[in-house]
A.B. asks: 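Questions regarding the structure given below will be posed in turn.
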Amino acid sequence: MKKIFVFLCLVTVGVANVFSQADPVIMTIAGKKILRSEFEYSLNKGSESPQKLSDSEIKDYLNLFVDYRLKVQAALDARLDTLSSFKEEFRNYRDIQLRSYLYDSVYADSVAHEVYKTIKESVGDSDIVLLSHIFLSVPVNSDKTLLDKQKNRIDSIYDKLRSGADFTELAKRFSEDVNTAENGGRLPWLGPSQLIPEFRDVAYSLSPGKFSKPTLTPAGYHIIYMNNRKPLESFEDKRAELLAELNERGLREAAAEYSIKRMISQSSGSLSREDIMQMVQLKAQQKDPALKYLISEYYDGLLLYEAANRMVWQTAAADEKGLENYFQDNKEKYHWDTPRARAYVFRARSKETLKKIRKILKSCKGDEGLEKLRETLPADSMKFVKVHFGIYKQGDDPIVDYRIFKTGQQPKENKLLPFYEVIGKKYKQPKNAIDVRAQVVSDYQDYCEEKWIDDLRKKYAVSIDYSVLSTVNKHD
């Protein structure tokens with residue numbers, strides 16, 4: 001027994017050595033080993049010619065990859081992978097990737113058979129037809145004025161067709177059937193029972209390549225064009241077409257769900273849906289090794305986004321003091337090509353309300369005045385007030401142009417809110433962060449992210465095997 005155990009250990013070590021030689025560890029980050037194949041997958045996925053990547057390009061990407069893995073590790077340490085929202089989004093993506101491995105073709109065929117049976121019953125001994133139409137709507141109970149107007153329009157279109165105009169182009173220009181107009185009015189293959197009688201009788205009187213006179217149905221006026229007509233094919237001949245159409249309408253998802261439920265039932269309930277999906281994933285990854293990295297990449301990407309959003313982006317955007325300090329330290333980066341006005345612009349129904357608004361906003365430097373108004377003014381009076389805070393250049397707002405830029409052009413009269421006012425000043429260049437807030441927030445977020453990465457590099461150990469790195473994209 002001991003000899004067998006030793007033999008098994010030697011075999012295991014031997015297999016491990018073979019795999020380590022075939023796919024060696026290229027780096028270790030925070031104690032986690034990363035194989036060369038994972039690095040290559042990430043490096044090469046956006047490259048048309050991976051073999052042509054230079055050593056310097058690979059080394060440049062190495063730094064990006066290490067930063068990426070450090071952020072993922074920070075997310076794992078923060079237990080962001082335990083969030084229910086994260087788990088649900090990841091499972092949804094993973095399940096989509098695994099659908100093709102769960103597709104139950106027997107179930108799909110049974111659905112296609114049922115659809116074909118319904119079509120066969122509706123067609124009977126008649127042909128199926130491939131039609132196009134130009135449609136002008138005349139809703140039920142429309143007055144004679146609209147009926148006559150649409151009649152004149154459809155007759156005009158019909159005259160154009162008789163003079164040689166292209167049916168497809170006219171349908172695109174004039175048809176009011178929003179579902180078909182873009183495609184030149186083309187409808188899918190249909191049987192007689194799928195058409196309203198007035199439309200059906202005219203359509204089935206046409207031969208391929210012919211169009212009808214204007215035809216009135218309960219929906220409106222139509223000019224019908226017969227593209228083709230033929231007897232209904234056998235199920236075997238129509239099977240591929242039916243499956244393609246049904247797959248577009250959700251059959252793939254339904255067939256996968258059917259397969260999952262069948263496997264749960266066969267296990268007598270001992271396996272959960274998640275158990276099944278994990279089993280399918282492992283089996284699928286054996287057939288397609290790239291799938292492992294594709295799913296892993298999405299998992300890590302979700303974690304990275306969650307970590308960056310919580311630890312950097314949201315925090316930086318809400319750090320008003322940090323934003324202002326960053327602006328003051330980097331003023332030379334921010335310029336306007338023309339002067340701007342930092343101002344509140346407000347309209348009101350009465351002069352009294354206007355005075356109240358002016359009094360509240362006069363002491364406000366930023367957009368906090370909007371919240372103060374909501375807290376101070378009665379809710380009813382806010383219905384008759386319009387207030388905006390912004391950074392305006394000349395031409396952005398007629399009230400700002402008139403009052404601050406002194407254009408001499410009075411704003412147009414507003415009968416609902418006739419009284420207006422502006423509180424603000426004109427500046428040649430930005431004075432603080434609020435004047436160029438969007439740009440400062442973006443730059444400050446970048447600054448905070450760089451600092452975050454520096455902290456992560458200090459926190460986590462990173463070890464790179466440069467001898468393995470030199471073999472990237474250069475091995476069998």
Side-chain angles (χ1 to χ4, degrees), residues 24-47 53-83 85-86 90 293 296-335 430 432-470 472:
V25 174
I26 194 170
M27 68 185 75
T28 303
I29 298 178
K32 294 184 178 179
K33 295 178 179 180
I34 296 171
L35 300 179
R36 181 178 60 191
S37 59
E38 180 180 351
F39 178 75
E40 286 180 332
Y41 170 82
S42 184
L43 169 71
N44 296 334
K45 65 178 181 178
S47 175
L53 290 174
S54 66
D55 291 343
S56 62
E57 288 175 316
I58 293 172
K59 285 184 179 179
D60 287 343
Y61 185 77
L62 175 68
N63 289 324
L64 296 174
F65 184 83
V66 169
D67 290 344
Y68 173 79
R69 296 304 313 174
L70 288 171
K71 293 174 188 177
V72 171
Q73 187 60 47
L76 290 169
D77 287 351
R79 295 180 57 77
L80 298 182
D81 57 326
T82 65
L83 296 172
S85 57
F86 168 82
F90 169 70
Y293 292 131
S296 178
E297 181 182 43
Y298 191 80
Y299 186 92
D300 292 343
L302 280 179
L303 277 178
L304 185 149
Y305 175 82
E306 198 67 48
N309 194 40
R310 288 167 176 260
M311 300 175 188
V312 179
W313 302 332
Q314 287 182 356
T315 304
D319 182 7
E320 298 298 336
K321 185 177 179 180
L323 288 166
E324 186 58 38
N325 289 339
Y326 183 84
F327 171 82
Q328 295 299 335
D329 291 341
N330 298 273
K331 264 189 174 181
E332 70 282 354
K333 291 173 60 175
Y334 305 104
H335 300 282
N432 53 41
I434 199 169
D435 295 337
V436 280
R437 182 177 175 82
Q439 190 177 348
V440 173
V441 167
S442 177
D443 292 345
Y444 186 55
Q445 286 174 331
D446 290 343
Y447 165 79
C448 291
E449 187 166 1
E450 288 176 11
K451 187 176 183 302
W452 181 42
I453 292 170
D454 287 341
D455 292 341
L456 293 178
R457 283 184 175 266
K458 293 172 185 175
K459 180 179 179 180
Y460 299 114
V462 177
S463 173
I464 298 166
D465 190 331
Y466 286 94
S467 64
V468 176
L469 182 67
S470 67
V472 167

A.B. asks: Under 3.5 Å, side chain of T82 to main-chain N/O of R79, donor-acceptor pair present?
C.D. replies: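 Judged by distance alone, yes, a pair lies under 3.5 Å.
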
A.B. asks: May I ask you to say whether K458 pairs ionically with D454, meaning some side-chain N is under 4.0 Å from a carboxylate O?
C.D. replies: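 Answer for the salt bridge query: no.
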
A.B. asks: So, T315 side chain and R310 main chain: donor-acceptor pair closer than 3.5 Å or not?
C.D. replies: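 Yes, the answer is positive, given that a donor and an acceptor are paired below the 3.5 Å cut-off.
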
A.B. asks: Tell me whether the centres of the aromatic rings in Y305 and W313 are closer together than 6.0 Å.
C.D. replies: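 Between Y305 and W313, the centre distance is under 6.0 Å.
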
A.B. asks: Could you check whether any side-chain N or O of S54 sits under 3.5 Å from a backbone N or O of E57, counting only pairs where one atom can act as donor and the other as acceptor?
C.D. replies: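 Between the backbone of E57 and the side chain of S54 there is a qualifying donor-acceptor contact (under 3.5 Å).
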
A.B. asks: Distance check, rounded to the nearest 0.5 Å: L302 atom CG versus S85 atom OG?
C.D. replies: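 Taking CG in L302 and OG in S85, the distance rounds to 9.5 Å.
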
A.B. asks: Using a strict cut-off of less than 4.0 Å between a Lys/Arg side-chain nitrogen and an Asp/Glu carboxylate oxygen, indicate whether R36 and D465 qualify as a salt bridge.
C.D. replies: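 Here R36 does not pair with D465 in a salt bridge, since their nearest N and O are not under 4.0 Å apart.
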
A.B. asks: Would you name the heavy atoms of P430 and V436 that are closest together and state the gap between them?
C.D. replies: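 Between these two residues, the closest heavy atoms are CG-CG1, 3.8 Å.
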
A.B. asks: Can any side-chain N or O of D435 pair as donor or acceptor with the backbone N or O of N432 at less than 3.5 Å?
C.D. replies: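 Yes; at least one donor-acceptor contact below 3.5 Å.
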
A.B. asks: Can you confirm whether or not the ring centre of Y293 sits under 6.0 Å from the ring centre of F39?
C.D. replies: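 No, too far apart.
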
A.B. asks: Does a donor on one side chain and an acceptor on the other come within less than 3.5 Å for D319 and Y444?
C.D. replies: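 Checked: D319/Y444 side chains pair up, N/O donor to acceptor below 3.5 Å.
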
A.B. asks: Looking at every non-hydrogen atom in both residues, tell me the closest pair between K333 and Q439 and how far apart they are.
C.D. replies: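 Closest heavy-atom pair between K333 and Q439: O-NE2, 4.2 Å.
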
A.B. asks: Working to the nearest 0.5 angstrom, can you tell me the gap between L76 CG and L303 CG?
C.D. replies: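 Taking CG in L76 and CG in L303, the distance rounds to 5.5 Å.
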
A.B. asks: Just how far is it from atom OG of S47 to atom CD of E40, taken to the nearest 0.5 Å?
C.D. replies: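 Going from the OG atom of S47 to the CD atom of E40 covers 12.0 Å.
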
A.B. asks: Between the side chains of Y460 and D77, does any donor sit under 3.5 Å from an acceptor?
C.D. replies: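 Judged by distance alone, the side chains do pair up.
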
A.B. asks: Report the distance from atom CD of Q445 to atom CD of E450, rounding to the nearest 0.5 Å.
C.D. replies: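 It comes to 12.5 Å.
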
A.B. asks: Using a strict threshold of under 4.0 Å (side-chain N to carboxylate O), is an ion pair present between R69 and D300?
C.D. replies: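 The answer is yes: the pair qualifies as a salt bridge.
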
A.B. asks: Once you measure the plane-to-plane angle for F86 and Y299, does it fall in the parallel (<30°), tilted (30-60°) or perpendicular (>60°) bin?
C.D. replies: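 Perpendicular: the ring planes of F86 and Y299 meet at over 60°.
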
A.B. asks: Quick check for you: to the nearest 0.5 Å, what is the distance between E38 atom CD and M27 atom CE?
C.D. replies: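 Output value for this atom pair is 8.5 Å.
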
A.B. asks: Does a salt bridge link E324 with R437, judged by any charged N lying under 4.0 Å from a carboxylate O?
C.D. replies: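 R437 and E324: not salt-bridged.
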
A.B. asks: Tell me yes or no: between the side chains of D443 and Y334, is some donor less than 3.5 Å from an acceptor?
C.D. replies: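 Y334 and D443 do have a side-chain donor-acceptor pair below 3.5 Å.
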
A.B. asks: Could you tell me if Y61 and S42 have a donor-acceptor pair between their side chains, going purely by distance under 3.5 Å?
C.D. replies: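 Yes, because at least one side-chain N or O of S42 sits under 3.5 Å from a partner of the opposite role on Y61.
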
